[in-house]
Amino acid sequence: MTVRATPRPSALPALGRFHPFPLPPLTDEVLSNGLRVVTVRAGAVELAEIRLFVPLPAYAVDPAAAEVLTAVTARDCARRVTEGVDSSPGRDGSLVSVAWTGTWLALNASVPVDAVDWALGLLARSVTDPVRTARSCQETAGRLAAQAHARLTHPLTAAHAALHAHTFPGTVRHPEPAALRAVSPADVAALHRTVVRPRGAFLVVVAPVDTQEAVASAFRDWPDTGPRPVHPPPVRSGTGVRGIPRRGAEGRAQVMLAAPALPRTDSSFPALSVTNCLFGGYFSARLAKNLREHRGLVYKVESTIDDSLPRTSVLLTYATDSATVADSLGAVGRELRDLIARPPDASEIDAAREHMIGITCIGQTSQSGLASALVGVLGHGLGPEWLTAFPAQLREVTGSGVAATAERLYHPDRFTGVVLGAPGDWTKHLRTP
């Protein structure tokens with residue numbers, strides 16, 4: 001009998017040379033009423049992706065009124081979508097949604113290319129000539145109030161609401177039922193009149209046909225009512241890591257920690273992106289390997305560059321057993337200090353860099369992905385060309401740049417946060433070596 005040794009697997013081959021991802025033909029213009037419009041001619045699929053975003057930051061408005069305005073607009077859009085659909089088969093398969101991100105009133109449409117004119121007209125009427133009655137506003141406010149408690153039973157939503165209130169005291173992202181019930185039709189109308197303006201808003205259309213004329217025709221009647229009121233984001237003033245009781249959370253705690261981050265316009269943002277990725281932004285990150293795989297302290301852990309709070313933040317999120325909150329916070333503190341004391345080597349940086357470049361480029365390969373990528377860029381005041389410039393900037397990130405970013409932004413003392421489901425002051429467990 002001959003025994004053959006099983007050959008050992010060889011190392012994975014090196015990645016091929018990076019090829020920049022070219023942007024399709026596009027136009028980037030500002031209409032006479034102040035609306036910024038980016039139209040892209042791309043895609044082999046006969047679909048159009050449309051995104052209309054209007055600034056609506058929670059810190060600058062009544063969040064309860066914003067929730068009701070969004071829901072009433074969604075209700076009106078749903079009604080308009082079904083009107084005449086039997087006599088317009090070209091609209092079959094159209095998807096229209098309205099949401100409030102806490103920063104933007106977002107109107108999205110994915111429609112057959114033959115329905116582009118109809119969809120643009122629908123979104124334009126939603127912001128220029130909304131159909132809402134006193135009854136619809138009152139019914140919507142009551143429904144949202146009834147759902148508010150259920151929404152906050154989700155641990156991530158509840159933790160985010162608590163983090164928002166702790167880090168930026170006096171501000172609210174997720175309104176309470178009483179605040180929602182108190183919203184009147186006059187409040188909704190006043191909010192729409194004040195903030196739903198073309199200046200500061202932007203529209204993205206990705207379609208296999210030229211849509212410039214259709215866009216201009218649909219939105220030319222949106223009047224320019226001047227610049228919107230300026231409200232600077234609130235200052236971070238919350239400190240420490242606060243434990244918050246939560247009913248029904250026995251045995252499990254949700255942890256969220258936040259620290260100030262750099263805006264995407266900062267020249268060090270590429271280095272921050274690589275640093276964040278290797279620390280907690282993907283499956284091979286330090287937090288995932290050391291806290292979850294090696295020690296089993298957390299169920300899931302990640303670090304993101306987050307825009308859901310009033311100011312851009314590095315956001316660390318994980319769930320753990322209530323009995324291991326102290327150990328997990330201590331481990332996070334050690335990982336933060338270790339990131340500074342033991343900067344990543346070239347291989348760790350290269351792996352994170354390639355991951356970031358890959359997801360940036362892959363995210364643009366579909367029409368919907370490209371539309372969403374452009375939304376993210378325009379929402380930070382950047383141009384479409386950033387999508388091609390950013391991978392090249394990631395290529396230029398050095399080890400010294402990552403080390404400097406870690407020392408500048410990832411010290412444990414910079415993080416504040418909440419532990420949902422485990423009352424007490426947990427600050428020392430994160431910050432004490």
State, yes or no, whether a side-chain contact exists between [X] and [Y] at a heavy-atom distance under 4.5 Å.
X	Y	result
Val72	Glu139	no
Thr27	Val38	no
Val183	Val188	yes
Val195	Val54	no
Phe53	Leu105	no
Pro229	His231	yes
Leu180	Arg143	no
Thr405	Arg408	no

Residue pair [X] / [Y], side-chain donor-acceptor N/O under 3.5 Å:
X	Y	value
Asp327	His429	no
Tyr410	Thr275	no
Glu49	Ser110	yes
Thr320	Thr324	yes
Ser126	Thr73	no
Thr304	Asp306	no
Arg41	Thr211	no

Run through [options] and flag the one making a side-chain contact (heavy atoms from CB on, under 4.5 Å) with [X].
X	options	result
Arg311	Pro260, Pro233, Pro234, Pro263	Pro233
Leu123	Thr128, Asn108, Val98, Val96	Val96
Cys277	Arg353, His355, Glu354	His355

Check the pair Arg242, Asp425 against salt bridge (Lys or Arg N to Asp or Glu O under 4.0 Å), reporting the backbone distance first and the verdict last. CA-CA 5 Å; Arg242 176 187 174 194; Asp425 185 351; over 6 Å; no
Return the set of residues passing side-chain contact (heavy atoms from CB on, under 4.5 Å) with Ser372 (not counting sequence neighbours), or none when no residue passes. Arg51
So, [X] and [Y], do they make that salt bridge, N to O below 4.0 Å?
X	Y	value
Asp76	Arg125	no
Arg181	Glu176	no
Arg36	Glu29	no
Asp224	Arg199	yes
Asp307	Arg264	yes

Would you call the rings of Trp386 and Phe390 parallel, tilted or perpendicular, where under 30° means parallel and over 60° means perpendicular?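 Correct class here is parallel.
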Pairs flagged by ring pair (Phe, Tyr, Trp, His ring centres under 6.0 Å) wherever residues 142-185 is involved - sequence neighbours left out: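 Listed by first then second residue: His160-His174.
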